[in-house]
Asker: 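Quick one: this structure, given as structure tokens, is what I'll be asking you about.
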Amino acid sequence: MEKSVRSRRREDNESFYNPILPIHKWKDELVRAAKDNSFLIVMGDTGSGKTTQLPQYLYKAGFGKNGMIGVTQPRRVATISVAQRVAEEMNCSLGSTVGYQVRFDDCTSERTVIKYMTDGCLLRNTLADPDLTKYSTIVLDEAHERSLSTDILFGLLKKQFQLGSRKRRKYPLTVIVMSATLETQKLSLFFGNCPVVTIPGKLFPIKERFLNLIGPRDKDSTAYVTETVKVTLQTHLNETEGDILVFLTGQAEIERACNLLFKKAEAIDYRHDLYDRSVEGLLILPLYGSMPTDQQKRIFLAPPAGIRKCVLSTNIAATSVTIEGIRYVVDSGFVKQLNYNPRAGLDILEIVPISKSEAVQRAGRAGRTAPGKCFRIYSEEFWEKCMPDHMIPDIKRTSLASVILTLKCLEIHDVIRFPYLDHPEEKHILEALKKLYQCGAIDRTGCVTKLGHFIMEFPLSPNLACAVIKATSFGCQELLLPVAAMLSVEHVFIQSGESQKQKEAGQGHEELSQLAGGCNDFATLLYIFEQCKTSPKPAAWCHKNGIHWRALKSALNVEKQLKEIANRLKENKDFPVEKFDGPRNEMLRHCLCAGYFSNVARRSVGRTFRTMDGHGSIIHIHPSSALFGKESQLEWILFHNVLVTSKIFVRTVCPIRYEWVKDLLPKLHDIDAYELSNVAREEVTAEEILKWESKEETKHRNDGTEEALNKIKKRNDDKSISDAKARYLQRKQQKSEMLKMEPS
DNA sequence: GAGCACTGC
């Protein structure tokens, strides 16, 4: 990724030496608008210079006098490189007037006025300083990406403003939202009809063509890979000079496409390995996130004279990595997306059509240095019928437990009526509340418990934090902290595409799990971590054992941070201290039970298990687990996560004893999530219920399936204010009855 | 006997 920073810098330097950045013309208007309004939206295309220039304008206009100008970015590398760039432009050293803060790296000082940071960092800082008294201005950049943290910050900033944080602050706060393609109307409305300043970018014209190879009927087929390859080859044969960027969905698809492309050209150059095949003047390069860094770097090198570079990439090339010299984009129209299904309580990784605005962004990659062309393999009908206007934001697609706990810690109890720019499904919020209640982070009244505040201190999922806290109170944190770190970094096992290498890697992993005891995937992670930490040459050890050194490095970093937090919390008088009475080899699994008892399953028929969380889903142990094939010897298991593909698989598994979870399991069923939410919405009105329901309805309508349409029809039949009221009263009745039944 | 996009604290 280092290279991507350098490449970005190169592009920025170009703008540096060219003083006619599009944004310069708008300087006065921007400063005036920022002075006159609490909220301002700046819409600027790629290359307009907004990220580096606007904070400097504000600084020169005196915005930094009453507090810092905080600028958020969704990614670490971008945060650091932009801060470096601005420090250079302002002729100061990084960390003085211009600084940055990302996790593990705070490069700011008392003198810092312009502070770049990741959105997650600002959100965390908000916990300590809810009124953001250190800042005079907050700039939320790349808002169109709709990251979870940015979305929450939208709501917080709006809410703080409504609550009159202005009175508690010495000086009013100015909020500026910057975006490339976000629905600015919607955002302006959200922030009280605030003004929008639009800055044109400096993209070259791009010709876009629909090739009609994929239509609405092919929505679920895998034909897009072969069709994309065809188009790529045609582009190579028919078009003039210029590199090609191909958007595909994942590692497997990309490797398949590379091979196909290669076979079609019918010439194999055996002098090169898989990642460096050059045929008929075409240099084929794959690019995906889990690829080793040194291989990723190769995509930035200029191809030899007379050779055309063709990069087959995942969505990583749409946001995180900028490749120079691309003139042709081939868009498959699909993306792999992790979607949370609250009904099943599962994360499902699926291949879905991209949105129209993402397609526009992809096309934009062709026009950064010269006029370009974008070939869309799908038809216009597909565009109209299958592709939504905008991407569904993270907040509607991922588990909300951590987010809800953050809000509760900020004393925002009514998490259902929090001003979300896009309101998550109520069911989704309820699921999160239930999860928080189950792990003890909130009590029956929906308030954050002491444990909940401890959980919040850790940059981990509530489940994992809970297990870590248990271990700390038992005095065996050295067992859990490494496991937590390994589980919260990217996948540590290398997945090679080539079958031979893959086999070898698989065998290596099997050996590792044998060395770690043979029947506990968590223990395998602990073993790898310890081996790596004590090895004199950790990078070499990782390479030999098929482990991502990059992932291990960040795991070592995370573990250090977790240890600091755990040690600090232990000083707190309220931190629990418990004694563990049991054999030491059971400690790890026992602690895991404290956080993961909702992820417990019992042996069912054949090699399957049934979950105990109320969904009762049938699950299978994933073949990558050390427990795979040993199902018949198991009764109760605990798992870290679920992956739905051809079956419902659980990964990272260990066996447990029923006694360990016996007292915990009832907690999974002793509360109705509505009860937790009702506390937050005592004065809920029937009108509001109708509003929520109509939101759900819009969603169904967007689904467009017959079943969904029937649902709407059915709902419309009995839709009236009085009915909504009746439904609400019924729920309230159920709730009070339930409370009555509760033993005191 | 399967096949895991991308971020962030």
Side-chain angles (χ1 to χ4, degrees), chain A residues 1 72-79 101-106 117-127 142 145-153 247-256 287-291 313-321 332 334-339 347-352 354 358 391 393-394 397-398 402-403 405-406 455-461 464-465 484-485 488-497 499 502-503 505-506 510 548 554 557-558 561-562 565 607 620-625 628-629 631 641-652:
Chain A
M1 295 314 256
T72 69
Q73 292 287 319
R75 276 172 295 280
R76 293 165 55 99
V77 267
T79 308
Q101 187 193 355
V102 298
R103 187 187 188 181
F104 303 125
D105 194 359
D106 185 353
M117 64 199 129
T118 49
D119 50 5
C121 254
L122 180 61
L123 190 56
R124 222 151 234 275
N125 294 344
T126 309
L127 283 166
E142 309 286 353
E145 288 189 27
R146 302 294 304 276
S147 76
L148 200 51
S149 300
T150 297
D151 259 28
I152 295 298
L153 286 166
F247 282 103
L248 278 164
T249 48
Q251 178 179 349
E253 291 84 354
I254 286 170
E255 270 157 12
R256 222 180 95 211
L287 171 68
Y288 42 82
S290 61
M291 202 159 86
S313 171
T314 60
N315 233 19
I316 193 171
T319 51
S320 313
V321 177
S332 68
F334 288 93
V335 69
K336 217 173 260 188
Q337 205 168 262
L338 193 68
N339 289 325
D347 286 324
I348 302 173
L349 192 73
E350 22 183 19
I351 293 168
V352 294
I354 57 169
E358 284 173 285
M391 186 182 51
D394 277 1
R397 290 184 4 237
T398 47
S402 290
V403 163
L405 186 58
T406 309
I455 289 174
M456 195 66 231
E457 292 288 317
F458 289 96
L460 298 169
S461 74
L464 210 46
S488 59
V489 299
E490 55 185 313
H491 205 55
V492 293
F493 297 104
I494 290 175
Q495 313 252 308
S496 172
S499 57
Q502 190 179 348
K503 244 184 181 171
E510 232 165 81
H548 271 298
S554 49
N557 227 341
V558 172
Q561 186 196 18
L562 297 180
I565 296 169
R607 301 172 63 175
H620 301 255
I621 293 180
H622 195 273
S624 65
S625 166
F628 179 81
E631 290 87 346
N641 59 357
V642 183
L643 182 76
V644 183
T645 49
S646 58
K647 289 179 194 153
I648 303 178
F649 288 106
V650 290
R651 313 173 62 207
T652 321

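By convention in this document, chain letters (A, B, ...) are assigned in the order of the sequence lines, proteins followed by strands, and residues within each chain are numbered from 1.
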Asker: Donor-acceptor pair under 3.5 Å: do we get one between A:R75's side chain and the base of B:dC6?
Answerer: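 Answer no: no donor N or O sits under 3.5 Å from an acceptor.
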
Asker: Which is true for A:R256 with a 4.0 Å heavy-atom rule: it touches a base, it touches only sugar-phosphate, or it touches nothing?
Answerer: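 Touches nothing.
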
Asker: Would you say B:dC9 has OP1 or OP2 under 4.0 Å from some side-chain N or O of A:R76?
Answerer: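 Yes, A:R76 has a side-chain N/O under 4.0 Å of OP1/OP2 on B:dC9.
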
Asker: Is the backbone N or O of A:G629 less than 3.5 Å from a side-chain atom of A:E631, with the two atoms forming a donor-acceptor pair by type?
Answerer: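 Yes, A:E631 side chain to A:G629 backbone: donor-acceptor pair under 3.5 Å.
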
Asker: How long is the line joining NE2 of A:H620 and P of B:dA2, in whole Å?
Answerer: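 Atom-to-atom, A:H620 to B:dA2, this comes out as 10 Å.
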
Asker: Between A:A252 and A:P459, which has a closest nucleotide on DNA chain B that is more 5'?
Answerer: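 The answer here is A:A252.
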
Asker: Side chain of A:T126, backbone of A:L122: donor and acceptor closer than 3.5 Å?
Answerer: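 Side chain of A:T126 to backbone of A:L122: a pair is present.
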
Asker: May I ask you to evaluate whether A:T118 reaches the phosphate of B:dC9, defined as a side-chain N or O under 4.0 Å from OP1 or OP2?
Answerer: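 Yes, within the criterion.
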
Asker: Atom CG of A:N315 to atom P of B:dC4: distance rounded to whole Å?
Answerer: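 Going from CG in A:N315 over to P in B:dC4 covers 16 Å.
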
Asker: Quick one: A:R103 CZ to B:dG8 C1', roughly how many Å, whole number?
Answerer: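 Between C1' of B:dG8 and CZ of A:R103: 8 Å.
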
Asker: Using whole Å, what does the distance between atom P of nucleotide B:dT7 and atom CD of A:E142 come to?
Answerer: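 Roughly 14 Å, once rounded to whole Å.
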
Asker: Which of these nucleotides, B:dC4, B:dC6, B:dA2, is closest to any side-chain atom of A:I316?
Answerer: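 Nearest listed nucleotide: B:dC6.
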
Asker: Within the pair A:R146 and B:dT7, is there a side-chain N or O less than 4.0 Å away from OP1 or OP2?
Answerer: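 For A:R146, the contact criterion (side-chain N or O under 4.0 Å from OP1 or OP2 of B:dT7) is not met.
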
Asker: Under 4.0 Å, counting only non-hydrogen atoms across every strand here, what does A:F458 touch: a base, just sugar-phosphate, or nothing?
Answerer: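 Touches nothing.
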
Asker: Given atom CE of A:M117 and atom C1' of B:dT7, what is their separation to the nearest angstrom?
Answerer: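 Rounded to the whole Å, the gap is 18 Å.
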
Asker: Is any side-chain N or O of A:K336 closer than 4.0 Å to OP1 or OP2 of B:dC4?
Answerer: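 Yes, because at least one side-chain N or O of A:K336 sits under 4.0 Å from OP1 or OP2 of B:dC4.
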
Asker: Please identify each residue that fulfils ring pair (Phe, Tyr, Trp, His ring centres under 6.0 Å) with A:F649, with sequence neighbours left out.
Answerer: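 In terms of ring pair (Phe, Tyr, Trp, His ring centres under 6.0 Å), with neighbours along the sequence ignored, A:F649 is linked to A:H622.
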
Asker: Is A:S332 reaching over with its side chain to a backbone N or O of A:F247, donor-acceptor style, under 3.5 angstrom?
Answerer: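 Answer holds: yes.
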
Asker: What integer distance in Å separates A:R124:CZ from B:dT7:P?
Answerer: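 Computing the A:R124:CZ to B:dT7:P distance gives 20 Å.
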
Asker: For A:L287 and B:dA5, what is the distance between atoms CG and P respectively, to the nearest whole Å?
Answerer: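 Rounded to whole Å, this separation is 13 Å.
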
Asker: Over all strands shown, is A:T314 touching base, sugar-phosphate only, or nothing at heavy-atom distances under 4.0 angstrom?
Answerer: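 A:T314: backbone/sugar contact only, no base atoms under 4.0 Å.
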
Asker: Restricting to side-chain hydrogen bond (donor to acceptor under 3.5 Å, both in side chains), what partner residues turn up for A:T652, sequence neighbours left out?
Answerer: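 With neighbours one apart ignored, the set is empty.
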
Asker: Would you mind reading off the distance between A:I494 atom CD1 and B:dC4 atom C1', rounded to a whole angstrom?
Answerer: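 It is 15 Å, rounded to the nearest whole Å.
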
